[in-house]
Amino acid sequence: MKDKKEIRWGIVGVGDVCEVKSGPAFQKVPGSRLVAVMRRNGEKAKDYARRHQVPKWYDDADKLINDPEVDAVYIATPPDSHEYYALKVATAGKPVYVEKPMARTYEECLTMVKACAAAKVPLFVAYYRRALPNFLKVKELVDSGVIGEIRNVDIKLVKPLQPDIIRANEADNWRVHPEVAGGGYFYDLASHQLDFLDYLFGPIKQAQGISANQAGQYPAEDIVSGTFRFETGVTGQGLWCFNAAIGSDQEVITILGSQGQISFPCFGDHHVTLEVAGKASQTFQFDMPEHIQQPLIQLVVDELSGKGTCPSTGFTGARTNWVMGEICG
């Protein structure tokens, strides 16, 4: 595939995430083109194709996956079908780009990794914060040593029962059904946070936690607390609460170093604050791309074209699932 001038994409599952966050980016990234989309509801697939100027649509995933004009496949379905479709795409000998979380369980992730390795096709995961400017600024600051040796990371995510981060009022809100999502909002949101910390500090080697369903408003857990330790020796802890009072929202990641700290939100706002002992604090503000996944999709296309590498792979995505499983159970 490295000799191809253009990567032709197909998407399995053109739902909400494909409207703005990801789908249009496949048309805008240099060396990339979206040629086919699929949804089980054929009318909705047809409508998406019409609105986004995509030449082909299907209501059968097998037909899209085996279309000879499709070079690589983006799996944008809920997590319960990620493994199923990834194995089909690997069998077809095509690269896989799968939504996050990578799957419901670490074991499903390993199956996906092994299948893609056996088929000799790359596997990428849509942890797009690894390519966004505010998060790259955090990495730059950490790597520069400006806050000294890293000691600890603290994650705090506190939301009411109907969080504003996602559309919690949908009748088919699969994010709070563990048989579909793997867990609740923790799996949906903490996966982004924990994956980015993996990007900063490498693998977490030890993790444990407690989870509960305190409010009983849906099947999944609504509060999780955990502690973890990276292979580097950096320690961390997190609180993910989705049953707090309205107006009590908190969302921040704080990296504590021997000479200062870096704090930043993972969702919504896009600032990074640097505090170094004896100096005035600095706040950096960033604009986001219209299509939030576009920078990462560019890196995926670059790797497939032999022009670069993508930092979000099946190996890193599986590690995040392992950590979530250890913390949430």
Side-chain angles (χ1 to χ4, degrees), residues 5-39 44-57 70-78 95-101 124-140 163-168 170 175 188-189 191-193 195-196 199 251 253 264-273 283-305 307-312 317:
K5 294 182 179 180
E6 182 179 67
I7 306 300
R8 299 169 300 179
W9 287 91
I11 301 178
V12 173
V14 280
D16 288 342
V17 73
C18 294
E19 287 295 337
V20 178
K21 286 185 174 181
S22 60
F26 291 96
Q27 302 279 47
K28 296 186 176 183
V29 164
S32 172
R33 183 159 58 98
L34 179 59
V35 299
V37 296
M38 172 270 168
R39 193 164 178 172
K44 290 185 177 181
K46 181 180 179 180
D47 177 64
Y48 184 97
R50 176 187 58 81
R51 289 184 293 105
H52 293 274
Q53 293 79 53
V54 181
K56 295 183 181 181
W57 61 271
V70 171
D71 300 317
V73 178
Y74 167 39
I75 300 168
T77 58
V96 181
Y97 177 58
V98 64
E99 261 304 325
K100 47 63 56 185
F124 307 101
V125 185
Y127 283 118
Y128 52 86
R129 280 165 176 77
R130 291 180 176 234
L132 290 177
N134 50 330
F135 293 94
L136 292 178
K137 183 63 177 181
V138 173
K139 183 168 176 55
E140 173 194 319
D164 57 359
I165 293 177
I166 52 86
R167 298 200 300 173
E170 292 179 353
R175 292 172 179 82
D188 188 46
L189 300 173
S191 59
H192 272 303
Q193 298 168 318
D195 177 81
F196 179 63
Y199 186 45
E251 202 274 291
I253 298 175
F264 57 98
C266 193
F267 309 101
D269 197 358
H270 311 299
H271 71 273
V272 176
T273 299
T283 298
F284 307 90
Q285 293 282 357
F286 297 87
D287 294 325
M288 293 296 105
E290 178 185 3
H291 309 295
I292 202 74
Q293 290 197 29
Q294 186 166 336
L296 185 69
I297 291 170
Q298 180 69 72
L299 295 177
V300 171
V301 170
D302 286 347
E303 179 165 332
L304 293 178
S305 304
K307 300 175 183 177
T309 58
C310 176
S312 185

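Predicted, not measured: the structure shown is a model, and the values here were computed from it. Residue numbers run from 1 in the order of the sequence given.
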So, for Tyr97 and Phe124, is the gap between ring centers shorter than 6.0 Å?
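Judged by ring-centre distance (under 6.0 Å), Tyr97 and Phe124 do not meet the cut-off.
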Examine distances only and state if a side-chain atom of Glu99 and a backbone atom of Ala126 form a donor-acceptor pair shorter than 3.5 Å.
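Checked: no pair found.
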Worked verdict on Phe264 versus Asn134 for side-chain contact (heavy atoms from CB on, under 4.5 Å)
CA-CA 9 Å; Phe264 57 98; Asn134 50 330; over 6 Å; no
When you compare the side chain of [Y] with that of [X], does any pair of heavy atoms fall below 4.5 Å?
X	Y	result
Val300	Ser312	no
Cys18	Tyr48	yes
Ser191	Tyr127	yes
Val17	Gln293	yes
Arg39	Trp57	no
Ser32	Gln298	no
Lys28	His291	yes

From [X] [atom1] over to [Y] [atom2], what is the distance, rounded to the nearest 0.5 angstrom?
X	Y	atom1	atom2	value
Asp302	Leu296	CG	CG	10.5 Å
Met288	His270	CE	NE2	5.0 Å
Arg129	Tyr199	CZ	OH	14.5 Å
Asp71	Glu6	CG	CD	8.5 Å
Leu304	Leu299	CG	CG	11.0 Å
Trp9	Tyr74	CH2	OH	10.0 Å

Residues which pass side chain to side chain donor-acceptor pair (under 3.5 Å) with Arg130, listed by chain and number, not counting sequence neighbours
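Once residues adjacent in sequence are excluded, the partners of Arg130 under the side chain to side chain donor-acceptor pair (under 3.5 Å) criterion are Asp195, Asp198.
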Return the set of residues passing side chain to side chain donor-acceptor pair (under 3.5 Å) with Glu303 (not counting sequence neighbours), or none when no residue passes.
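Listed in chain order: nothing, the list is empty.
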Which atom of [X] lies closest to which atom of [Y], heavy atoms considered:
X	Y	result
Val12	Thr77	O-CG2, 3.6 Å
Val301	Pro30	CG1-O, 3.8 Å
Leu132	Ile292	CD2-O, 3.6 Å
Ser305	Ile7	OG-CG1, 3.9 Å
Pro55	Leu34	CD-O, 3.8 Å
Cys266	Ile253	CB-CD1, 4.3 Å

Stepwise side-chain contact (heavy atoms from CB on, under 4.5 Å) check, Leu189 with Arg175:
CA-CA 10 Å; Leu189 300 173; Arg175 292 172 179 82; over 6 Å; no
Decide side-chain contact (heavy atoms from CB on, under 4.5 Å) for Met38 and Val14; before the verdict, give the C-alpha distance in whole Å, the side-chain angles of both, and the deciding distance to 0.1 Å.
CA-CA 6 Å; Met38 172 270 168; Val14 280; over 6 Å; no
Please enumerate all residues that pass side chain to side chain contact (heavy atoms under 4.5 Å, CB included) together with Lys137, with sequence neighbours excluded.
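Here the qualifying residues are Glu140, Leu141, Phe284, Phe286.
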I'd like to know if Asp47 and Arg50 make a salt bridge, using a cut-off of under 4.0 Å between side-chain N and carboxylate O.
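Yes, charged N to carboxylate O under 4.0 Å.
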Side-chain donor-acceptor contact under 3.5 Å, Gln294 with Tyr128
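No.
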Over 12 non-hydrogen atoms of neighbours within 6.0 angstrom of NZ in Lys21
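No.
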Taking atom NZ of Lys307 as the centre, does the number of heavy atoms from other residues, nucleotides or ligands within less than 6.0 Å exceed 12?
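No - once you tally the heavy atoms of other residues, nucleotides and ligands closer than 6.0 Å, there are 12 at most.
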